[in-house]
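Scroll down for the structure; my scribbles are underneath it.
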Number of protein chains: 2
Amino acid sequence: MITLTDRQNMILKAIVRDYTSSGVPVGSKALAAQLPMHVSSATVRNEMAALEELGLIAKTHSSSGRIPSVKGYRYYVDHLVQPDPIKANDIDIIKSSLEGQFLKIDEIIETSAKILSNLTSYTAFSLKPEHKQSRLSGFRLVPLGKRQVMAVLVTDNGDVESQTFNITSKITGDQLEAVVRLINDQLVGKPLDEVLTALKSDIPMQVAHYLQQPEGFLKIFGDVLTKAAQERFYVGGRLNLLNFSDSNDVDELKSLYTLMDHSDDMADVLGQPTDHIQVKIGSEMTNDILKDYSLITATYDAGNHGTGVIALLGPTRMPYSRMIGLVGAFRQELAQRLIDYYRYFDQ
Amino acid sequence: MITLTDRQNMILKAIVRDYTSSGVPVGSKALAAQLPMHVSSATVRNEMAALEELGLIAKTHSSSGRIPSVKGYRYYVDHLVQPDPIKANDIDIIKSSLEGQFLKIDEIIETSAKILSNLTSYTAFSLKPEHKQSRLSGFRLVPLGKRQVMAVLVTDNGDVESQTFNITSKITGDQLEAVVRLINDQLVGKPLDEVLTALKSDIPMQVAHYLQQPEGFLKIFGDVLTKAAQERFYVGGRLNLLNFSDSNDVDELKSLYTLMDHSDDMADVLGQPTDHIQVKIGSEMTNDILKDYSLITATYDAGNHGTGVIALLGPTRMPYSRMIGLVGAFRQELAQRLIDYYRYFDQ
DNA sequence: CTTAGCACTTGTACTATGGGAGTGCTAAAA
DNA sequence: TTTTAGCACTCCCATAGTACAAGTGCTAAG
């Protein structure tokens, strides 16, 4: 456990603030000038040497100013940062963007990611509120004319997944109905992952009683099921990555985008945030690709409809006070909005 | 109409080939060495001066080698290029990627864009075969438990669009059924754009007979309808743009990506290709953003199921002979695959 | 413990400098 | 008339050198 003197705290804080806003290593002279008490640059230099010794700041070359290290950011975020109060203007934007009469909760969550990315010029993620584990609450096949059928799967928290497919003429409506009844009798009420394992073991045999070639149907059912089982998240401002990845390394950018498209990996990155607001800095994240980025995650509470997550991905060198303030305000607005939403639709 | 001597043709061809493969302006000496007949560099210089006079090639600075101009590429593509015969390896990749047992035609079209982008390291587009104008062939509302309803719209060429929404408790099943019947009675068989205009004029009044607050329903119906009316195209290898846009201009990249996400603008760019294979070079395209890019579009024939489009977007400086060869081979493979597909499902 | 002073280090911006690649032009050769 | 050798000239580019600004660590005095 690191403990610093008051003056050291002030210096570290000033370094982080300066560097995150200017991007240039900060030197002792500039630092001395902006500190509230009167100290000489030499004194500041001594303190800086101490902070460097502790691993909180670092030099880019032997005679450069200092930049915060990951450890330094960590200490700053844990002990020093005061979230900026949100600008009245920003709160207006949030409120007005959320207030439209959305018909689906997914739309609210999706626009959330967009607003957040617009306000910050970073990349934002949003996950809708979710009970731990959703269960299958219904499956049906809707015939759509000659040979087309739509498979629709509903879960107990209202998620709907669907997919259309063509059937060969050999299959009759009766057969399909029998299969649907089978699925519903056996699997409704079960958690989705159990359904998935059932689909790999005994279900195929049973389906084979009714269909000669069950593979096609089983593939569709499996597809829809995995789609529903996946945690769906929305991404806003993907293109903003181009702004703040100062490296011109194309490959790095590519792997970042690929990462964002893999919901499994991304769920991994977001983790399961327990706190209200959580900050992960650079190498603290498991994924190596993100070593120059920081992630602010926050949960938001949707009453008895569970807890969702919003997240913000930006450069390690980000103005944490502003961003934390913004995310904090946003999660409250969103929670409020969802309560309204559910009040309306729960009747 | 420009006419060149044989030797000038050879020189222009060599310049394009050299420059597209190396990216470096080509000089008279290197050129003289590789021409089949014996000429001195001085002669080549004279010829180059003539080609420059005609606007077919240009210098990057007063004493540099030459690069082809847009006009030069145009001439090359129109008169000189010989499509490369496709590599046996590539044709294997195409065949095997297309041969899986797809259940929906969209999957074939989507993978097409992927294969094409993989083979070329460029960005590829694919549009599915389409009759000029699709018509509404059915609309229905499928109840999914308590308050959720799924709106499903089917067109006469088999496209399906759906969307779920929540209804307030005030609406009864009977009311919904009446609305569905209304829609089907009045609008089935009409082209989608007529349906859209109807939706803006007399339909709302009629729907109001059955629902107190028709706005929600009308929005959903409109959404699903516009989704169906839009030409859907697939994009493969979006990230490849990062490779070959040598400019580090982030804004340019952003507008490119934004362009690709707007299906209207993109349909504009793709145009309505009439030829089998068509090449648009740099500033020949209407859209200014694409001035450093070239687009190869090709139609593919799906028998009596209409004609689709595939396209390839790469840098102006691309190896046209290889790309044209590849696109040509691909469109044939795809057409063949679709004939198989339809034979199977049309029964 | 703080500070002034100073020698030292490093990045950056600017300025030669020379070589290489390529051109256009001229005059002679084919 | 066409081709070619020769040559002066232009421009890019990589390299080295220089000066300067910003900043550091250390020492010795306050």
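Since the structure is predicted, the reported quantities are computational estimates derived from the model, not experimental observations. Chain identifiers are assigned alphabetically (A, B, ...) following the order of the sequence lines, protein sequences preceding nucleic acid strands; residue numbering begins at 1 within each chain.
- When each of A/Gly65 and B/Val39 is assigned the nucleotide of DNA chain D with its nearest heavy atom, B/Val39 is the one assigned upstream, toward the 5' end.
- A side-chain donor-acceptor contact under 3.5 Å links B/Ser294 and B/Tyr320.
- Across the protein-nucleic acid pair, B/Ile11 atom CD1 and C/dG22 atom C1' stand 15 Å apart, rounded to whole Å.
- DNA chain C is contacted by no residue of residues 30-38 of chain B, taking any non-hydrogen atom closer than 4.0 Å.
- Near DNA chain D, meaning a heavy atom under 4.0 Å away, the residues from residues 40-48 of chain B are B/Ser40, B/Ala42, B/Thr43, B/Arg45, B/Asn46.
- Counted by atom type alone, B/Ser255 and B/Thr258 present zero donor-acceptor pairs between their side chains at under 3.5 Å.
- Once you apply a 4.0 Å limit to the heavy atoms of chain B, the touched nucleotides of DNA chain D run 5' to 3' over D/dT3 to D/dC12.
- Aromatic rings from A/Phe244 and A/Tyr122 are positioned such that their centres are separated by under 6.0 Å.
- Side-chain contact of A/Gln82 with A/Lys13: a donor-acceptor pair under 3.5 Å is present, judged by distance alone.
- Under the rule for a side chain to side chain donor-acceptor pair (under 3.5 Å), A/Arg317 has no partner lying at least two apart in sequence or in another chain.
- We find the CD1-OG1 distance between B/Ile277 and B/Thr299 to be 8.5 Å, quoted to the nearest 0.5 Å.
- Using a 3.5 Å distance cut-off with no hydrogens or angles, the side chains of A/Asn240 and A/Ser121 do not pair a donor with an acceptor.
- Only A/Gly27, A/Ser28, listed by number, bring a heavy atom of residues 12-28 of chain A to less than 4.0 angstrom from any atom of DNA chain D.
- A heavy atom lying under 4.0 Å from DNA chain C marks the following residues of residues 51-62 of chain A, by number: A/His61, A/Ser62.
- One finds the CG atom of B/Leu270 at 10.5 Å from the CE atom of B/Met285 (value rounded to the nearest 0.5 Å).
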